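Below is one structure, written out as structure tokens; the observations come after it.
For clarity, every value in this text was computed on a predicted model and none was experimentally measured.
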Amino acid sequence: MAGEKGTKINQLLKKWPSGTVAVLRWLEKQGVYQQLVHEYEKSAWILRVGQGAFAKSGDKIDWPGGLFALQNQLALPIYAGGKTALQLQGYAHFLPLGKGGTVYLFGPAETKLPAWFTQYQWGLNIRFASTRLFADEASVGLTTRDMGAFSIRVSAPERAMMEVLYFVPKEQSYEEARLLMEGLSTPRLKIVQTLLESCTSVKVKRLFMVLAESCGHAWVRKLDVSKVNFGKGRRMLVRGGRLDTKYNISVPEAGAGQGAPGRRA
């Protein structure tokens with residue numbers, strides 16, 4: 001009997017990617033039911049991360065290992081997006097991603113993070129945006145990021161940039177967003193076009209175009225903006241800012257329209 005248990009735990013540990021969380025649902029699929037989970041806990045083979053979630057003993061887990069469990073074991077449509085996705089893909093190397101920072105996760109409206117994920121001390125802030133930012137195109141602009149022993153789904157740079165703008169100006173500064181946009185020099189235009197057409201936020205679409213043009217990106221001219229619904233009326237990020245008359249949105253003085261005539265309020 002002891003030999004069978006030893007064989008089972010060895011098989012489990014081989015299937016379990018290092019650095020990831022395992023939830024009870026996945027463990028049961030491996031034939032490790034709750035009673036056996038308790039025995040493994042007592043024997044210190046595994047450690048409890050939270051209710052129904054576990055880590056291998058001696059394994060170091062960070063938020064990507066938790067996100068892996070959400071995506072691959074619980075099949076939740078949650079992914080790393082915004083500034084976090086840009087950092088993971090080298091587009092924001094000048095921004096800190098380490099301890100004390102903020103990780104941005106996105107998911108469809110009404111999606112919730114499990115309690116074990118929100119309550120675990122990851123060593124940084126988790127900002128989860130439950131939103132329908134892209135209607136009918138929920139999977140466009142998503143990619144995978146290799147984390148070594150496992151991979152996670154993240155926003156590709158084109159989508160991540162629009163997600164950054166979702167937080168401007170309350171949680172994300174306009175100037176930092178502009179710096180990030182400067183790095184988006186070779187986006188995939190088909191993806192940008194699709195995302196702009198499906199984006200539900202008028203503010204995000206207008207800001208994306210204002211920043212792309214102010215950064216002097218040549219690819220902007222190849223977009224078909226006639227297919228994009230920019231809404232009606234004026235949008236205001238800050239009072240007393242500069243009005244971009246083309247996209248009818250007021251932005252901070254230090255950004256939009258620099259070097260572009262006819263863009264002052």
Side-chain angles (χ1 to χ4, degrees), residues 12-13 15-27 37 40-41 44-108 111-131 142-157 159-161 163-173 175-177 179-180 183:
L12 174 67
L13 296 178
K15 294 178 182 177
W16 188 340
S18 296
T20 66
V21 173
V23 299
L24 189 58
R25 182 190 300 181
W26 181 80
L27 291 172
V37 169
Y40 288 165
E41 269 195 279
W45 283 106
I46 63 176
L47 302 173
R48 186 177 295 269
V49 171
Q51 184 63 40
F54 304 86
K56 291 191 287 188
S57 182
D59 212 2
K60 185 179 184 303
I61 57 168
D62 292 315
W63 68 266
L67 181 59
F68 171 85
L70 301 184
Q71 294 176 343
N72 294 274
Q73 298 174 12
L74 294 175
L76 292 174
I78 295 171
Y79 59 93
K83 194 156 58 174
T84 300
L86 291 174
Q87 289 168 315
L88 287 172
Q89 295 168 90
Y91 284 81
H93 58 275
F94 53 88
L95 301 177
L97 184 61
K99 194 170 182 179
T102 298
V103 166
Y104 292 90
L105 302 180
F106 286 77
T111 306
K112 294 183 179 180
L113 292 171
W116 63 263
F117 191 96
T118 59
Q119 294 171 6
Y120 188 75
Q121 299 298 313
W122 299 109
L124 37 67
N125 301 313
I126 300 293
R127 174 64 168 94
F128 177 52
S130 179
T131 177
L142 293 181
T143 186
T144 57
R145 178 66 178 174
D146 184 7
M147 304 303 292
F150 61 96
S151 61
I152 55 174
R153 285 190 299 282
V154 304
S155 292
R159 182 176 179 130
M161 189 65 236
E163 289 165 345
V164 167
L165 301 179
Y166 175 79
F167 291 109
V168 175
K170 293 184 178 180
E171 299 180 43
Q172 170 66 56
S173 76
E175 280 306 308
E176 187 174 73
L179 286 173
L180 292 171

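Pairing each heavy atom of T102 with each of R127, the nearest pair is CG2-CB, 3.8 Å. When all heavy atoms of V164 and L86 are compared, the closest pair comes out as CG2-CD1, 3.9 Å. Shortest non-hydrogen contact noted between Y166 and A129 is CE2-CB, 4.3 Å. Nearest heavy-atom pair across A177 and L165 is CB-CD2, 3.9 Å. Annotation for Q89 and P157: closest pair OE1-CD, 3.4 Å, computed over non-hydrogen atoms. The shortest non-hydrogen separation linking L105 to A80 is CD2-CA, 3.8 Å.
Distance check, rounded to the nearest 0.5 Å: OG1 of T20 to CG of D62 gives 12.0 Å. In this structure, OG1 in T84 is found 7.0 Å from OH in Y104, a value given to the nearest 0.5 Å.
Between Y79 and F106, the angle of the ring planes stays under 30°, which puts this pair in the parallel group of the 30/60° scheme.
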Which atom pairs, one a donor and one an acceptor, fall under 3.5 Å between side chains of residues 144-155 and the rest of the protein, sequence neighbours left out?
residue, atom, partner, partner atom, Å
R145, NE, L88, O, 3.0
R145, NH2, L88, O, 2.7
D146, OD1, G148, N, 2.9
S155, OG, E163, OE1, 2.8
S155, OG, E163, OE2, 3.1

Atom pairs and distances, side-chain donor-acceptor, residues 47-59, under 3.5 Å, sequence neighbours left out:
residue, atom, partner, partner atom, Å
R48, NE, E41, OE2, 3.3
R48, NH2, E41, OE1, 2.8
K56, NZ, W16, O, 2.8
S57, OG, A44, O, 3.1
D59, OD1, G19, N, 3.4
D59, OD2, G19, N, 2.8

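The main-chain N or O of V21 is never found under 3.5 Å from a side-chain atom of W26 such that the two would form a donor-acceptor pair. Under a 3.5 Å cut-off, the side chain of Q73 and the backbone N or O of F68 do not form any donor-acceptor pair.
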Problem set entry | CA sep, side-chain torsions, deciding dist, call: Y120, W63, ring-ring contact (aromatic ring centres under 6.0 Å, His included) | CA-CA 9 Å; Y120 188 75; W63 68 266; over 10 Å; no

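In this structure, W45 places its CH2 atom where only 12 or fewer heavy-atom neighbours from other residues, nucleotides or ligands lie under 6.0 Å away.
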